[in-house]
There are 2 protein chains.
Amino acid sequence: MDKSLLNRTPPSWAPVRANSVANQIVAQVREALFAGKLGPGDLIGSEKELARQFDVSRITVRDALRTLETMGIVEIRVGATGGTRIANGNLDHFSDALAIQFKLSGVTEYEILDMQIVIESTGTELAAQNRTEKDLERLSQLLDEASLVLDNPEEFTQAGQKFHLAIIEASGNRALVAQFKSLRHVIWPRGAKRAKREIAEHAYEVHQKLFTMIKEGEAEPARKLMVAHLSSIRTIAFPENNKQSSNGPICC
Amino acid sequence: MDKSLLNRTPPSWAPVRANSVANQIVAQVREALFAGKLGPGDLIGSEKELARQFDVSRITVRDALRTLETMGIVEIRVGATGGTRIANGNLDHFSDALAIQFKLSGVTEYEILDMQIVIESTGTELAAQNRTEKDLERLSQLLDEASLVLDNPEEFTQAGQKFHLAIIEASGNRALVAQFKSLRHVIWPRGAKRAKREIAEHAYEVHQKLFTMIKEGEAEPARKLMVAHLSSIRTIAFPENNKQSSNGPICC
DNA sequence: TTGATATAATGATATAACAATTAGATCATT
DNA sequence: AATGATCTAATTGTTATATCATTATATCAA
């Protein structure tokens, strides 16, 4: 990296902010990452060093680093031996970002609910095909935990969510997990809807069946059961608008 | 927003950076957005105003704004009547962010390709169910455009991608559109793969069939054809690794 | 009415300084 | 020698002040 790489006199027609010095630094680090010149854990340098290398002020470097940090490209640590390093991937950042865009774009709850059914049923099908022994252990453990809190609506709901996530993770597709997480926050934003005892028992039974199907590799039955399960949850969570999705039935 | 909302003396056990003043400002704006107190287009204020409101320096405000901007929550404009506003959703920027995270996380091409097939086949199915007359017009128009550039690999590829996007948009589910877009350029960053004449003709025929099925509401056939179509594209684009996805067949 | 110009608001960048945090070195004590 | 306290240097976090570049609006002249 060298200051000579910075274009201090960009074409006049270009927007200002896109060509800011800070953004040029961001672009350079990004490109170095995709070119394989930088990888997770690599030290980029301290703010002072970078300011000297690029021949810009610390403020400008900070702007760039803040952007890179928010993108999840770098991690910043304070103190001695601190500084900026290439981050390890964290897909949760992306899920958060996508969730924000849903909010800003005015995507409705129904659209998201429909997508949840799509993603989660697919994940269930894949889980039945690809689950490892470790996945099964995890699912079994979560089932046990849930069985202990059947009378505690809040904790049971939480345990149930963990179970659902564990199923998706058992699919073996991290891209799918990332998309799933981006949709997850929507259903229970208020943490309000709580499962009463009888409802919890029913959900627990379904979870047990799902576990068996996934264990036995019964992909299509597992998928169908998950679709029914989620539709049932939707009915409980959104009783006021129990009409079918405006888009008609989703798959199957 | 008021400076009294900033916690200047956080618990000593908490990590430093998470409690930085700048990050507290970020959190406040974010929460205001999700609480509905702020919406797209709302003016947050200028750096100077915000610095006064929060009783912090301009630099600190800038740090926060830069983060919010990278998150896609705000848009910043320079000049008179400039300042920071809550952004409109922009999903296209995210493929970049997602591609970076996939890269850093070591997510494989296969996981991404599988996910693309899931999203796109589902979108096709929904399009056959929910497409409007306007959607059909758009699709028809794009078909016509593609037919004119069968001999121009680059333009045909571009037209084809537009057609695929239009199908997804015809699904009527913006969350699905968002997820589609987020995966879209992850693998083909430069629109590199080009279709030769015979391949283009075949793709064009498939697109025509897809159009007819979507028009006639034949959801399941349309889905299956799209899966086959994408698998075919994958074979062309990734001939070296034509083995089946490590996770086994996806759905259907 | 139109077009050029001045003005004021705003972000972008620079410089200097101090505060808070952190890892590692140093040193005293047992 | 081991241990714990303390010091030190490096680094990010924050503040203050100033200047430059950009941009919408107002003003004014033709």
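Computed from a predicted model, the values in this text were never measured in an experiment. Heavy atoms only: backbone and side chains are in, while hydrogens, waters and symmetry mates are out. We name chains A, B, ... by the order of the sequence lines, and we start the count at 1 in each one.
- Position along DNA chain D of the nearest nucleotide to A:Ile59 versus A:Leu65 favours A:Leu65 as the more 5'-ward residue.
- For the pair B:Arg77 CZ and C:dA9 C1', the computed distance is 13 Å after rounding to whole Å.
- The aromatic rings of A:His207 and A:Phe156 lie parallel to each other, with less than 30° between the two planes, well short of the 60° mark.
- Here the nucleotide nearest the side chain of A:Ala22, chosen from C:dT13, D:dT23, D:dG13, is C:dT13.
- Along DNA chain C, the nucleotide nearest A:Gly79 and the nucleotide nearest A:Val61 are compared for position; the residue whose nucleotide lies closer to the 5' end is A:Val61.
- Distance CZ/B:Phe34 to CG/A:Leu104: 7.5 Å, rounded to 0.5 Å.
- In the set D:dT25, C:dT13, D:dT12, D:dT25 carries the atom at the smallest distance from any side-chain atom of B:Thr81.
- Look at A:Ser57 and you'll find a side-chain N or O under 4.0 angstrom from OP1 or OP2 of C:dA14.
- When each of A:Arg62 and A:Ala80 is assigned the nucleotide of DNA chain D bearing its nearest heavy atom, the one mapping closer to the 5' terminus is A:Ala80.
- Closest approach of A:Met115 to B:Ala175, counting heavy atoms only: CG-CB, 3.7 Å.
- Taking atom CG of residue A:Asn19 and atom C1' of nucleotide D:dT22, one finds them 13 Å apart after rounding to whole Å.
- In this structure, the CZ atom of B:Arg85 is 10 Å from the P atom of C:dG11, given to the nearest Å.
- Listed nucleotides D:dT14, D:dT12, C:dA23 differ in distance to A:Glu47; the shortest reach to its side chain belongs to D:dT12.
- For the pair A:Arg66 CZ and C:dA12 C1', the computed distance is 17 Å after rounding to whole Å.
- Using a 4.0 Å heavy-atom cutoff across all strands shown, A:Arg58 reaches at least one base atom of the nucleic acid.
- Environment of CD in A:Glu75: crowded, with over 12 heavy atoms of neighbouring residues, nucleotides or ligands closer than 6.0 Å.
- Comparing D:dT14, C:dT13, D:dT12 by their closest approach to the side chain of A:Thr60 singles out C:dT13.
- Between the CD atom of A:Gln24 and the P atom of C:dA12 there is a distance of 14 Å, rounded to whole Å.
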